[in-house]
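Each ligand, and each atom within it, is numbered from 1 in the order the structure gives. Below, each value reflects all heavy atoms present in this structure, side chains not excepted, and no hydrogens, waters or symmetry copies. Counting begins at 1 with the first residue of the sequence.
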Amino acid sequence: MKLGIVGLPNVGKSTLFNSLTNAGALAANYPFATIDPNVGVVAVPDKRLKLLGDLYNSKKVTPATIEFVDIAGLVKGASKGEGLGNQFLANIRETDAIVHVVRCFDDPNVVHVDGSVDPARDIETINLELIFADLEVLERRIAKVSKLARMDKNAAKELEILERIKATLEDNKMARELEVEDPEEKAFVNSLDLLTWKPVIYAANVMDDDLADDGASNKYVAAVRELASKSGSEVFVISAQIEAEISELDEEEKAEFLESLGLTESGLDKLIAASYKTLGLMSFLTSGEDETRAWTIKIGTKAPQAAGKIHTDFERGFIKAEVINYEDLLREGSIAAAKEKGLVRMEGKEYVVQDGDVILFRFNV
Ligand SMILES: Nc1nc2c(ncn2[C@@H]2O[C@H](COP(=O)(O)OP(=O)(O)OP(=O)(O)O)[C@@H](O)[C@H]2O)c(=O)[nH]1
Ligand SMILES: [Mg+2]
């Protein structure tokens, strides 16, 4: 999973990015790969992994990961070259979702590019720039496809969809507001990598005081929530500054610090929960002496396709899956004990994998 971070300049994107990549690396003792200073890989915190790894005496425990991409802030007119322009948007075209950081804190020491804090206006500014960037992509594509459309039925169909998206954007709406039911059409729109087609998760960046009640008494957060609810988007409240402090702590200190703030989870935990929810994702686990590992799949994935996440051979040669619920396994203390109680099920091709399933795939190639 890959997430791109957008927002106005100086709203806390890099502060958040740095603390997430730092914390994610620390929390699971996973060496985050800095592919590029602005791309970070974060381990998905999952308490089940360590316990399961201990049970199997695994040599290695591998968490699921999320890749974050941090880009420079956009300003009004970015598509026309204002500020640093929108040259960096290409870096987030190939992401699964957009994290839109919105400033919801007052601080006279931190300059706001538009002179005041106003989430509704700020969100609109960014959304418009994303719309303009997508329009450029569409116009180029339309120019190419329209030449073919007279001769080719497929191209004609593509042109029709492209025109429909263009009209939506010209109406100042995000592409994702367009209803696309047909799976083939959907796949085509997906392939365009339009920024406004991707789901968005709003990160409301607040002062530490606003964390305990989840931003309930912050009027800026209320404005973000109102806007987000119109498009059914997730909002999560964070303090990038606090997150930066949390990222310096070890697990135990982190728990204490969170408690002192009246919190049960960090911003990273919230962001991951919001992204899994937005993208309809869940995890299953595999465990053995060599490795215990978490795998991310879409909710509703059947056993052979889940196996294919591990290796294409597993999907091709799928025979069956030996499945046990994580909690059952932990309670029984070993797979042998669980088998005796009949808690290990043999599942076939039609089995829909559940969150927290521990699976051993049987395959033949
Ligand atoms: N008070 C306060 N200041 C913050 C918070 N988050 C970030 N800042 C400050 O805001 C300034 C800008 O933060 P950055 O994270 O660099 O902002 P950015 O969004 O990456 O900005 P660009 O890269 O210019 O687009 C820094 O001085 C941060 O210390 C916060 O939660 N509270
Ligand atoms: Mg930055």
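- Placement of I161 and L138 within a single hydrophobic cluster is found when ILVMFWY residues are connected by side-chain heavy-atom separations under 4.5 Å, directly or transitively.
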Chi angles and distances behind the side chain to side chain contact (heavy atoms under 4.5 Å, CB included) call for R141, L192: CA-CA 9 Å; R141 191 70 183 243; L192 297 171; 3.6 Å; yes

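- Contacts of V11 with ligand 1, taken as heavy-atom pairs under 4.0 Å, involve both backbone and side chain.
- Not a single heavy atom of L16 sits closer than 4.0 Å to an atom of ligand 1.
- Ligand 1 has no N or O atom lying under 3.5 Å from any N or O atom of D70, backbone or side chain.
- For an aromatic pair to be called close, the ring centres must be under 6.0 Å apart, and F363 with F314 satisfies this.
- Under the 30°/60° scheme for interplanar angles, the aromatic rings of F284 and F361 are found to stand perpendicular.
- Close approach to T15 involves these atoms of ligand 1, each under 4.0 Å from a residue heavy atom: 7 (C), 13 (O), 14 (P), 15 (O), 28 (C).
- If you check which protein heavy atom lies closest to atom 21 (O) of ligand 1, you get N10 N, 2.8 Å.
- Here the heavy atom of the protein found nearest to atom 31 (O) of ligand 1 is N205 OD1, 3.1 Å.
- The two residues L16 and S19 make their nearest non-hydrogen contact at O-OG, 3.0 Å.
- Of the protein's non-hydrogen atoms, Q241 NE2, 4.0 Å is the one closest to atom 29 (O) of ligand 1.
- Ligand-side atoms of ligand 1 in range of A240: 6 (N), 31 (O), range being under 4.0 angstrom from any heavy atom.
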Just do the salt bridge (charged side-chain N to carboxylate O under 4.0 Å, His left out) check on E170 and K166 with the steps written out, would you? CA-CA 6 Å; E170 282 171 344; K166 185 168 170 240; 3.5 Å; yes

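- A cation-pi contact links K80 to F132, judged by a cut-off of 6.0 Å to the six-membered ring centre and 45° from its axis.
- Of all atoms in ligand 1, listed by their number and element, those nearer than 4.0 Å to a heavy atom of V206 are 31 (O).
- Shown here, atom 24 (O) of ligand 1 is in close reach of the protein: a heavy atom of it lies under 4.0 Å off.
- Only the side chain of D107 comes within contact range of ligand 1, with a heavy atom under 4.0 Å; no backbone atom does.
- With hydrogens and angles left out, the side-chain atoms of D269 and S266 include a donor and acceptor closer than 3.5 Å.
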Criterion side chain to side chain contact (heavy atoms under 4.5 Å, CB included) on F105 and D209, from CA distance to verdict: CA-CA 10 Å; F105 63 86; D209 301 350; over 6 Å; no

For N18 and S14: C-alpha separation, side-chain torsions, deciding distance, then whether side-chain hydrogen bond (donor to acceptor under 3.5 Å, both in side chains) applies. CA-CA 6 Å; N18 290 332; S14 297; 5.5 Å; no

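- Not a single N, O or S atom of T15, from either the backbone or the side chain, sits less than 2.8 Å from the Mg ion (ligand 2).
- Distance check on atom 11 (C) of ligand 1: some protein heavy atom falls below the 4.0 Å cut-off.
- Nearest non-hydrogen protein atom to atom 9 (C) of ligand 1 is V110 CG2, 3.9 Å.
- At under 3.5 Å, a nitrogen or oxygen of G12, whether backbone or side chain, sits near a nitrogen or oxygen of ligand 1.
- Between M207 and ligand 1, a contact under 3.5 Å exists for no N or O pair.
- From the protein, the heavy atom lying nearest to atom 4 (C) of ligand 1 is F105 CZ, 3.6 Å.
- Ranking the protein heavy atoms by distance from atom 16 (O) of ligand 1 puts S14 CB, 4.0 Å first.
- Side-chain atoms of E243 come within 3.5 Å of backbone N or O of G267 as a donor-acceptor pair.
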